[in-house]
Amino acid sequence: MDEASRDCHLLHVDMDAFYASVMVRERPDLWQVPVVVGGGQRGVVLSANYLARQYGVRSAMPMTRARRACPQAVVVAPDFEVLDTVSSSVMETFRRITPLVEVVSLDEAFLDVSGATRRLGSPLEIAERLRAVVHDEQGVTCSVGIAASVAVAKLASRRAKPDGVVVVPPHRVTGFLHPLDVGELWGVGEKTAAHLHRLGLHTVGDVAHLPLRTLQRAVGQALGSQLHDLAWGTDRTTLTPRRGDQEPDRSMGADETFARDTDDRETILREVLRLSARVATRMRQAQVAGRTVTLRVRFADFTTITRSRTLPEATDVTREVHQVASRLYDGLGLQRARIRLVGVRVEGLVPRATVHRQGLLGERDHGWSDADRAVDRATRRFGAAAVRPASLLG
DNA sequence: TCTGGGGTCCTAGGACCC
DNA sequence: TCTGGGGTCCTAGGACCC
């Protein structure tokens, strides 16, 4: 192994068009057909296979636009049970190579293979072997970026797509990074990219050569120093070995876009109740409670507002979450505003066991907490349809 | 019939406290 | 009688990521 590749031991593995590939694998009739994975009339594209992409279909594109771009595409709803299963198997494959695996999402992971090279060969050889195994075992392809830092490895995997490997050794990092568009950098989305373009900054090299203070004035302190580091490949972010869902959540929420915009208070508040129940149930399952309840409302014109209230003590009680959320809604004093989406989120989550509500929870409220637990038990035994608030019946 | 749903983090202003 | 300087919490909005 040469000097350069010894420091180059971080792999970013990205499954190619994961949702689409897995759904096609389940449906052999869709092989060689443009396929778009997405759902609902008002949804967006979750994934599209490469045939559909030839027509300009992209992830996160509104389904309506995708259908227009590629009318012959077959639209498939995602099956998360299958996707979860395939994803877990792939991640297990990675762990056979190294325990140092950071799962980013269903279709992405970082691997530190520095401890595996003696056994399995160079990082490049490991990457090729891993790709072959994933393909043989799961019937889907992936791409791998290899570098000395996670940020560069991630950019390299994008360059490797589809079904390839790209190695960026340390002495080639700036040469690799600087020609890229600023929008490629982690943390630069549509808005920031447009902002930087307006300032005459088009490539990563442009950003790299801007004085740090100037950059920070333009995009804010935190993002400014982050971009500066990313542009020079000096980002120090390290790989944290973990599975997808090991970190305790800081917040839990649920939101829902109505099939059609509505200004009907009853409809909206019924949805707020459903969402509150869903969130509180998940909190109880995870044995956490939270203090801040946030209501989110998106209007027909897509403007979105939030209103939040922080309670004196953390709660996981459906009725409390719902009460706060619906008061926040009424506090908006909306008249005939047409609403597209409502959401309920609880923040400031702490382990339930650390919450001691001395005297704050009166007898009646204890009753509601007990009622929740009874509902949870019934739901576990008989399913979600069996038990629900009276106002959600019918 | 443009634009989901799950999250995270940052910024900025005001309140409040020392 | 003229106005400091932090730190933390709360709220609202915005951007971003998968």
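Source: prediction; values computed, not measured. Reminder, nothing fancy here: chain letters follow the sequence lines and each chain counts from 1.
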Outer limits of DNA chain C sitting under 4.0 Å from a non-hydrogen atom of chain A, read 5' to 3', are C:dC10 to C:dC18
Main-chain N/O of A:Leu106 paired to A:Ser87 side chain as donor or acceptor, under 3.5 Å | yes
Taken in chain and number order and not counting sequence neighbours, the residues that satisfy side chain to side chain donor-acceptor pair (under 3.5 Å) with A:Glu92 are A:Arg95, A:Arg243
Note: contacts of residues 249-278 of chain A with DNA chain B (heavy atom, under 4.0 Å) are A:Asp249, A:Arg250, A:Ser251, A:Met252, A:Gly253, A:Ala254, A:Asp255, A:Glu256, A:Thr257, A:Arg278
Is a side-chain donor or acceptor of A:Ser59 paired with a backbone partner of A:Val45 at a separation under 3.5 angstrom?
no
Check: residues 222-231 of chain A side-chain donor-acceptor pairs under 3.5 Å, at least two apart:
from     : atom 1 : to       : atom 2 : distance (Å)
A:Ser225 : OG     : A:Gln221 : O      : 3.3
A:Ser225 : OG     : A:Ala222 : O      : 3.2
A:Gln226 : NE2    : A:Trp186 : O      : 2.9

Just call it for A:Leu185: base, sugar-phosphate, or nothing, with non-hydrogen atoms closer than 4.0 Å on any strand. sugar-phosphate
A:His195 meets the ring-ring contact (aromatic ring centres under 6.0 Å, His included) criterion, sequence neighbours left out, with none
Exercise for review: Rounded to whole angstrom, note down the C1' distance from C:dA15 over to B:dT3.
Suggested key: 16 Å
Taking for A:Gly220 and for A:Gly43 the nucleotide of DNA chain B with the nearest heavy atom, the one nearer the 5' end belongs to A:Gly43
Taking only distance into account, with no hydrogens and no angle test, what donor-acceptor pairs under 3.5 Å do side-chain atoms of residues 62-83 of chain A form with protein atoms, sequence neighbours excluded?
from    : atom 1 : to      : atom 2 : distance (Å)
A:Gln72 : NE2    : A:Tyr55 : OH     : 3.1
A:Asp79 : OD1    : A:Glu81 : N      : 3.1
A:Asp79 : OD1    : A:Val82 : N      : 3.3

> Quantified in whole Å, what is the P atom distance between nucleotide B:dC2 and nucleotide C:dC16?
Replying inline: 24 Å
Q: Using a heavy-atom cut-off of under 4.0 Å over every strand shown, decide if A:Leu341 touches base, sugar-phosphate, or nothing.
A: sugar-phosphate
query = Is any NZ, NE, NH1 or NH2 atom of the basic residue among A:Arg42 and A:Asp261 found under 4.0 Å from an Asp or Glu carboxylate oxygen of the other?
reply = yes
Please confirm whether the backbone N or O of A:Gln138 pairs with a side-chain atom of A:Arg25, one donor and one acceptor, at under 3.5 Å? yes
Judged by whether its glycosidic angle lies within 90° of 0, B:dC2 is syn
5'-most contact on DNA chain B (nearest-nucleotide basis), A:Arg345 vs A:Val219, goes to A:Arg345
* Asked: Sub-3.5 Å donor-acceptor pair from the side chain of A:Asn49 to the main-chain atoms of A:Ala20, do we have one?
  -> no
Residues in residues 44-72 of chain A with a heavy atom under 4.0 Å of DNA chain C, by number, are none
The complete set of salt bridge (charged side-chain N to carboxylate O under 4.0 Å, His left out) pairs with one or both residues in residues 163-184 of chain A, sequence neighbours excluded, reads A:Arg131-A:Asp163, A:Arg158-A:Glu184
Numerically ordered, the residues 292-310 of chain A set in heavy-atom contact under 4.0 Å with DNA chain B is A:Arg298, A:Phe302
Residues passing the side chain to side chain donor-acceptor pair (under 3.5 Å) test with A:Gln216, sequence neighbours excluded, are none
So, does A:Glu320 use its side chain to make a donor-acceptor pair with the main chain of A:Thr315 at under 3.5 Å?
no
Writing each nucleotide of DNA chain C 5' to 3' as (, ), [, ], | or . by Watson-Crick or G-U pairing under 3.5 Å yields ....||||||||||||||
Query raised in the report: Under 3.5 Å, is there a donor-acceptor pair between the side chain of A:Arg340 and the main chain of A:Arg298?
Result: no
Check step by step if ring-ring contact (aromatic ring centres under 6.0 Å, His included) holds for A:His322 and A:Trp368. CA-CA 12 Å; A:His322 169 237; A:Trp368 289 109; over 10 Å; no
Here the residues of residues 196-209 of chain A within 4.0 Å heavy-atom distance, strictly under, of DNA chain B are none
Test item: A:Ser276 side-chain N/O and A:Val344 main-chain N/O as donor-acceptor pair under 3.5 Å
no
Problem - A:Asp316 with A:Arg284: basic N within carboxylate O range, under 4.0 Å - result: no
* **Sidechain-backbone polar pair: A:Asp14 side chain, A:Cys142 backbone, donor-acceptor under 3.5 Å** => no
Query raised in the report: Is there a donor-acceptor contact under 3.5 Å from the side chain of A:Thr93 to the main chain of A:Ser89?
Result: yes
